[in-house]
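Working notes, structure below.
Just so it is clear, the values below take in all heavy atoms, side chains as well, and ignore hydrogens, waters and symmetry mates. On a predicted model such as this, the values are computed, not experimentally measured, just so you know.
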Protein chains: 2
Amino acid sequence: MTDQAALDQKCINTIRFLAVDAVQKARSGHPGTPMGAASMAYTLWDRFLKHNPRNPRWPNRDRFVLSPGHASMLLYALLHLTGYDLPLEELQNFRQWGSKTPGHPEHGLTPGVEATTGPLGQGFANGVGMAIAERWLADHYNRLGHKIVDHYVYAIVSDGDMQEGVTSEAASLAGTLKLGKLIYLYDDNDIQIEGPTDAVFSENVARRFLAYGWQVLGPIDGQDITAIEQAIGEAQADTGRPSLITCNTVIGYGSPAQATAKVHGEPLGEENVREAKNTLGWPQEPAFYVPDEVRHHMQRAVERGQEAEQEWQVRMQSYRDTYPQLSHELDAQLQRELPPSWDEGLGDLFHSDTKPIATRAASGQVLNYLVKRVHALTGGSADLAPSTKTILVGYGDLGWHQYWGHNMHFGVREHAMGAIVNGMALHGGVIPYAATFLTFSDYMRPPIRLAAMMGLQALYVFTHDSIGLGEDGPTHQPIEHLMNLRAVPGLTVIRPADATETAEAWKAALLNSKGPTALVFTRQKLPVLDRADFAPASGLQQGAYVLWQETEGPPEVILIGTGSEVHLALEAGMQLASEGIAVRVVSMPSWELFDRQPASYRDSVLPPPVKARVAVEAGIKLGWEHYVGLDGAAVGMEHFGASAPIEVLYERFGITAANVVAQAKILLKG
Amino acid sequence: MTDQAALDQKCINTIRFLAVDAVQKARSGHPGTPMGAASMAYTLWDRFLKHNPRNPRWPNRDRFVLSPGHASMLLYALLHLTGYDLPLEELQNFRQWGSKTPGHPEHGLTPGVEATTGPLGQGFANGVGMAIAERWLADHYNRLGHKIVDHYVYAIVSDGDMQEGVTSEAASLAGTLKLGKLIYLYDDNDIQIEGPTDAVFSENVARRFLAYGWQVLGPIDGQDITAIEQAIGEAQADTGRPSLITCNTVIGYGSPAQATAKVHGEPLGEENVREAKNTLGWPQEPAFYVPDEVRHHMQRAVERGQEAEQEWQVRMQSYRDTYPQLSHELDAQLQRELPPSWDEGLGDLFHSDTKPIATRAASGQVLNYLVKRVHALTGGSADLAPSTKTILVGYGDLGWHQYWGHNMHFGVREHAMGAIVNGMALHGGVIPYAATFLTFSDYMRPPIRLAAMMGLQALYVFTHDSIGLGEDGPTHQPIEHLMNLRAVPGLTVIRPADATETAEAWKAALLNSKGPTALVFTRQKLPVLDRADFAPASGLQQGAYVLWQETEGPPEVILIGTGSEVHLALEAGMQLASEGIAVRVVSMPSWELFDRQPASYRDSVLPPPVKARVAVEAGIKLGWEHYVGLDGAAVGMEHFGASAPIEVLYERFGITAANVVAQAKILLKG
């Protein structure tokens, strides 16, 4: 063995045993994958990965995603050893309260963690989104002699990832888009929790990926550094296809229980730790041992990273000098800054004399208005763009021949769409949006949750937002979805009542840079409220506002509506007012925005003494007690919808102004 | 053209124009796929499909699934023409209130509709579940010379289906399981809503399915009846692999706008209807025209079906004579009847002296107890069986070499698991369950919703139900999930407080034959409540019950807990009681069961005058106002969890008995 080879092995074993010791100390965790995949990860990080541990946010760094997030200690060990701000104490504090080393990697918590992973398949698809963002920015901003956006996206992916549907969706799209700078190492260890993989997964993964249009390399020995180096080199050389490198590995490599499911998800146990250290020639003591030469070798990443960034900064300066405006735009986008006066004129797009218009159509107009000002806006739909009205006219289709297109076509792949949009937001430089029917938000729940957890500015355009979609029937009519989205911590849901609120909703979404926003729009046309008669739509920014009240002071009854049902609330309100009842109509497009207001504002809109409250929303009633309590009433749904024209459905299901009036009167008599 | 060929074409054109006319009359719908896929569907139904229009529930019928449910008129036309109870008036009433011809096919509403489809990919995976159920029953009940379970599962699947991840998951599993009687016709029309398919879907589908282990036939001309016949014959001949027949078709065949996205999802328009009829030599009038010879020819399905069933009934009688006990069991399972005294002893499984036990572990014991009595119980996990405790010990693994195994291994494919379980429930003869961590219920939202919509007895075992899972951290800790599941109409969610309630929960799930049940279990151990001191666990059947109260009459304050937090509520209750406060502790394992009780019972548990109510649940607070109103309080979560040991998490997040006590006191002072 050469000196270099011996050092490499020492580095790899350091990674292995940092993981083993941390899991052992935490008395929980997953040692098997770090032990099996350490060689792959080390080779990638040591020989290829271009990153700057001193500046984890360097925009042109290569991205690395650990899709099997349960192998988090593999990543923490690499981050620690290569000089990120992750001291050894943090590794010793693995999985403890307040540590930077949680059970699964958390983006935003630990420097160098590019994506929160754990739910399988998500990391695979995030990487595809990152690679798309890279190409998009490169096409827009690189100039001859100025390759300022130019990096790879690497990931380690596991058998579990390969079985998830979201991976298939993302892989198919990555192949279609010919993402040549996407390089994935497949940790093929033949073991999963229930036992050997072939009992549930006899497919030929390599052939599947060839069918998607990927370059497939290997299988190689996942312990063979030279083979891994060579394969990554070949992957880089093929610039026209994403690459999958199949690495045969041994889960729990070195442990007496290696190559069994036993080493997957629990500490090895002291006995087996001892034996593993013996087997691999590792000192028993101390735990968390990092040999000096390993530390020295791997810390070189700091210097290399600083040099790499420095070299890039020089090129970037030359680019800035040559293309001041372009570079200014790029810098701002990377800083997640909105251009000055980006929202100018947004409030004037619609007027009371605008003909009735579906909020999805109004959204389409707003979006097309915004993209002229906010260049970073890029997105698309899961094959429903004509219906979701999300086409950016004149802004090109994103495809393998023109990555600069702003219009993405995700295909009928809602799940991957959500996860890809997360990857784009993680990459930075773009503000991505994803569009589909509200009912199909169900297909993308996992990435929505992760966007909320990571605090990503991912925008969702969910149209056809109720039984108001009519004849397509119950499979396509969302019922529980609004409430389901509201229950996700950190997700802002906005369902505007008309075109003017729609413009405000988009404004709120762009201002909300710290989390995802779901914009919920109607299929059906709605009148544009005459704001001379009603409160201004800017009230949307507070989540809910008093839209209309004839009388002064606290009302006898409050009617609360969202979206299309605000019009029913208004109609009911006017009816009640005509009968001499002091009624207030509240438009409540967003629970989250409202609940974030100070109590004084909330109480001014919904005065606590006024218990007679009727909420009306063409979705599940459950949950509305949040605002109407047990003394109020909700007009809404308690079952699935039906296939019929919209007017019939609203009437049959009792979501009518008359019913709102009736409920209000019952409460007032109560 | 031979007479037969001419008649075939006439039948096909009848199907096409029934669809075209129905969509035109409804002024909404999808004419393109019925026009393009009519030949495929006709050939299958006329030459192969073994079914009995007079008895759509004949157990040994072939199953046919229309995965692109938007092409519903194709199915309605076939059902009408082959003699199902679906008169022409229903077709003329397409997409209208109260009709049997909704926008997407609805199982249970329309005779002969085997699955509710529309959300893409679901039908594909449902068929896989049906084919598994067929093999499972065949292995269990067929005997030499008595092939009483023996049928095919056919489906038409579309480009959209092929892009969905759930399809990939299900196809991979179907290949692994070598489901030779699964035959899918792929309507490959190269068009999707946003335009030509290759812009988003350049993969080689045939190669992908070969990689999964399918037989792939074609591509053939989707209008060529002979080629279709031959391909289906070849598919049947390969008994060791599922078969995919790629049929090149033309969306909107015959319309001037054929082969464009324009004909996908809207009426052709009068002008184009006229031209299409001209092009295909179809009389302009009357609309909904069915030539006599077509009716005569296709109605032969009635006689053929009756003969086929009759022939089977004869064989079944011989089987019943030879195997009275076996056939009795099979008949009962097909009738969805539970065996007599199936639940005997269930209440005695756990005692107060049982050591603390996680409800997931208790569930495992119950499940293993039940399977000895309820033979139809069959299911598995998405690669988490050791954690979800769902292994049926001694009941074999379901695999291609032994379909009789009760233990299914879905792989890391939660979405397909949900949809496959739906297919199994649709098939009948089995009571299927699916298991994973509660947080990953997000991956299977679409099939859960469809199970609820179809009223299927699908059972979900969702374990690791809160921050109580500890160190795995926020990605794995469900927060919003309980509320999200409760919001699905028709889904029953049960979260038992201890082992005894767990047995009751399983009982409720098996009794609930008209809809899905989600059983929600802890990872962590919980004490077994001593029912001598507390109300019996059978109270679970009412959804909520007074678990403990020292005083008589209405209490001053009510503490409501679910699952593991019932123990916190009890601890808090005892503390309050020791301070002389009249306190009631309610165990509320199921909102749905409780809300279905008469008001008198509900008011007896939660007396309306008692407004001081504290709910405690380690999930999102939002929604608990349903029971505690605006005057009560909820102890729970408002954000995502964290990675740390369980005790630390409960303490840090304030989900403690002390906090429940504090909240109660605030309310009492209020």
Does the A/Glu625 side chain pair with the main chain of B/Glu625, one donor and one acceptor, at a distance under 3.5 Å?
-> no

With distance as the sole test, does A/Ser643 use its side chain to make a donor-acceptor pair with the main-chain N or O of B/Pro102 at under 3.5 Å?
-> no

Taking all atoms of both residues into account, what is the closest heavy-atom pair of [X] and [Y], and its distance?
| X | Y | result |
| --- | --- | --- |
| A/Pro474 | B/Arg449 | O-NH1, 3.2 Å |
| A/Val200 | B/Thr176 | O-OG1, 3.5 Å |
| B/Ile620 | A/Ala487 | CD1-O, 3.6 Å |
| B/Gly118 | A/His476 | C-CE1, 3.9 Å |
| A/Ile479 | B/Pro489 | CG2-CG, 4.0 Å |
| A/Glu471 | B/Ser28 | CB-OG, 3.4 Å |

Working to the nearest 0.5 angstrom, can you tell me the gap between [X] [atom1] and [Y] [atom2]?
| X | Y | atom1 | atom2 | result |
| --- | --- | --- | --- | --- |
| B/Leu210 | A/Arg207 | CG | CZ | 8.0 Å |
| A/Leu649 | B/Trp97 | CG | CH2 | 6.5 Å |
| A/Leu630 | B/Arg613 | CG | CZ | 6.0 Å |

Summary of salt bridge (charged side-chain N to carboxylate O under 4.0 Å, His left out) pairs that have at least one residue in residues 158-168 of chain B, sequence neighbours excluded = none

Heavy-atom side-chain proximity of A/His626 to B/Lys621 below 4.5 angstrom = no

Got B/Glu480 and A/Leu491 here, is their nearest side-chain heavy-atom distance under 4.5 Å?
-> no

Interface residue of largest heavy-atom contact number with chain B, from [options], under 4.5 Å:
| options | answer |
| --- | --- |
| A/Asn204, A/Val628, A/Asp442 | A/Asp442 |
| A/Gly98, A/Ser99, A/Gly175, A/Gly103 | A/Gly103 |
| A/His481, A/Lys611, A/Met483 | A/His481 |

What residues form a side-chain contact (heavy atoms from CB on, under 4.5 Å) with B/Thr117, not counting sequence neighbours?
-> B/Val65, B/Pro105, B/Ala115

Without hydrogens or angle criteria, can the side chains of A/Ser381 and B/Glu194 be said to hold a donor-acceptor pair below 3.5 Å?
-> yes

Please state whether the rings of B/His415 and A/Tyr443 are parallel, tilted or perpendicular, taking 30° and 60° as the class boundaries.
-> perpendicular

